[in-house]
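Accompanying notes for the structure given below.
Start at 1 with the first residue, then count along the sequence. Both ligands and their constituent atoms are indexed starting at 1 by order of listing.
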Amino acid sequence: MGRSQELLNRACSVIPGGVNSPVRAYKAVGGQPPFIARGKGAVLVDEEGREYLDCVCSWGALAIGHANEQVVAAIEETARAGTTFGAPTAREVVLAEAICDRVPSVEKVRLCSSGTEATMHAIRLARGVTGRDLIVKMDGCYHGAHDALLVGAGSGVATFGIPGSPGIPEPVAAQTLVIPFNDLSSVERVFAEHGDRIAAVILEPIAGNMGCIPPRPGYLEGLRAVTKQSGALLIFDEVMCGFRVARGSAQERYGVMPDLTTMGKIVGGGLPLAAFGGRAEYMDHLAPLGPVYQAGTLSGNPLAVAAALATLEQLTPEVYERFEHIGNRIEQEFLIPAASKGLSYHRVGSMWTLFFRSDRPHNFAEVKEADQQAFGKFFNRALELGVYLPASQFEAVFLSSVMTDKQVDSLIVRLQQALES
Ligand code: PMP
């Protein structure tokens, strides 16, 4: 028995399903997940010593690869001065300034520890600001595992949601209206029916949780216009695409400004840190200035803040050029040839998905028509060839900027082989 198998067996008796987050299990593709021992740059090494080119990057959290020297040094140095105080620290101010400087719509920001927390707090804030209860979300967008937003799969246009998980009370789920992604007419319909009760529309401006699906031209602009007219807040959940698709995130790339933005993953430099921010007039409703309560013992944790700053400092214009260069090579040399064989894809910079479906999907219902078995076969063959892909057709691939041209050459060859065999 291999070491990963041995560890999984032990894990299964003390951790539900053997994993601390369900996507880590290989349920959708069959087989067993390798246990990861370490990573350096664009390479992961498992407990058996096998090496993989990392195309997951901790679900998008790593922009500049594993064990980046500056990030590691910042964490080490900070840890020596104490790991948590539950009190204000100088570096938090620098990080807040750096986020506000980069993300165009963000005037004030608050730090928390996970993307789930960020969206949970943003929803409460939107409700507190507007005095309204309903939330509109898009089918197939994922915003974390809390009650208000774990609603969606299979729900119809503008109908009241059903619980996406046992344990979410029906009356809570009923406050979330689920409509298809990329469809402005559904947005208009839901606002025509419920407009004066809608506190916020939340979406991933580039969907990453139903595979990578970019917004259709005019979609984000349309959402901006409808929400503005009705007095609902527009929330961009940039946990996945933030700091990846442009220095100022998707809102900069598409030139559409939300009222609130949620951030996570890259902004934390690989440590547990997330954030939500937006216009000062809304953020100032938060305690202690205003009545909307939000808090966290480890919010703005010194180690996480140090990793965040060391990462943001390294996200230079050259890194964004590198993301485009690597992504473009994958597109030209792998995705376009694959599309000529009856598959389809989307790519935005360094995030992409190959869909096992001939027409490009633009929403979750269309992604669900993809051939899951064919994806599973491709995934498992790629894994054997040393390519670590996300273990689901519903997840996007993320690459790090430190993947060398030689590694990109090798990745393309292996992906082609995985598809052919
Ligand atoms: N929003 C989006 C867009 C995400 O992709 C995720 C996680 N994949 C979350 C929120 C939740 O973040 P976390 O897992 O850090 O709670």
Extract all donor-acceptor atom pairs below 3.5 Å that involve side chains of residues 21-41 and protein atoms in other chains or at least two apart in sequence.
unit_1: Lys40; atom_1: NZ; unit_2: Ala67; atom_2: O; d: 2.8
unit_1: Lys40; atom_1: NZ; unit_2: Glu69; atom_2: OE2; d: 3.0

Protein residue, atom and distance nearest to atom 12 (O) of ligand 1, heavy-atom basis: Gly115 CA, 3.2 Å
Neighbour count above 12 (heavy atom, 6.0 Å) for Tyr293 OH: no
Numbered atoms of ligand 1 (with element) below 4.0 Å of Gly144, judged on heavy atoms: 9 (C), 10 (C), 11 (C)
Aromatic centroids of Tyr345 and Phe334 separated by under 6.0 Å: no
Minimum-distance protein heavy atom relative to atom 16 (O) of ligand 1: Thr116 OG1, 2.6 Å
Heavy-atom neighbours of Glu318 CD exceed 12 at 6.0 Å: yes
For Glu204, the ligand 1 atoms whose distance to one of its heavy atoms is below 4.0 Å: 3 (C)
Nearest-option assignment for atom 7 (C) of ligand 1, heavy atoms, candidates Met120, Glu238, Lys265: Lys265
Where ligand 1 meets Asp237 - atom numbers and elements under 4.0 angstrom, heavy-atom basis: 1 (N), 2 (C), 3 (C), 10 (C)
For Phe181, all residues meeting ring pair (Phe, Tyr, Trp, His ring centres under 6.0 Å), sequence neighbours excluded: Tyr219
Atom 5 (O) of ligand 1 - nearest protein heavy atom and its distance: Asn209 ND2, 3.0 Å
For Ser114, the ligand 1 atoms whose distance to one of its heavy atoms is below 4.0 Å: 15 (O), 16 (O)
Heavy-atom closest contact (Val109 atom, Met263 atom, distance): CG2-CE, 4.1 Å
Per-atom contacts, ligand 1 versus Met240 - under 4.0 Å to a heavy atom: 5 (O)
Identified side-chain hydrogen bond (donor to acceptor under 3.5 Å, both in side chains) partner of His143 from the options Asn209, Thr119, Asp237, Thr116: Asp237
Trp59 and ligand 1 - part of the residue with a heavy-atom distance under 4.0 Å: neither
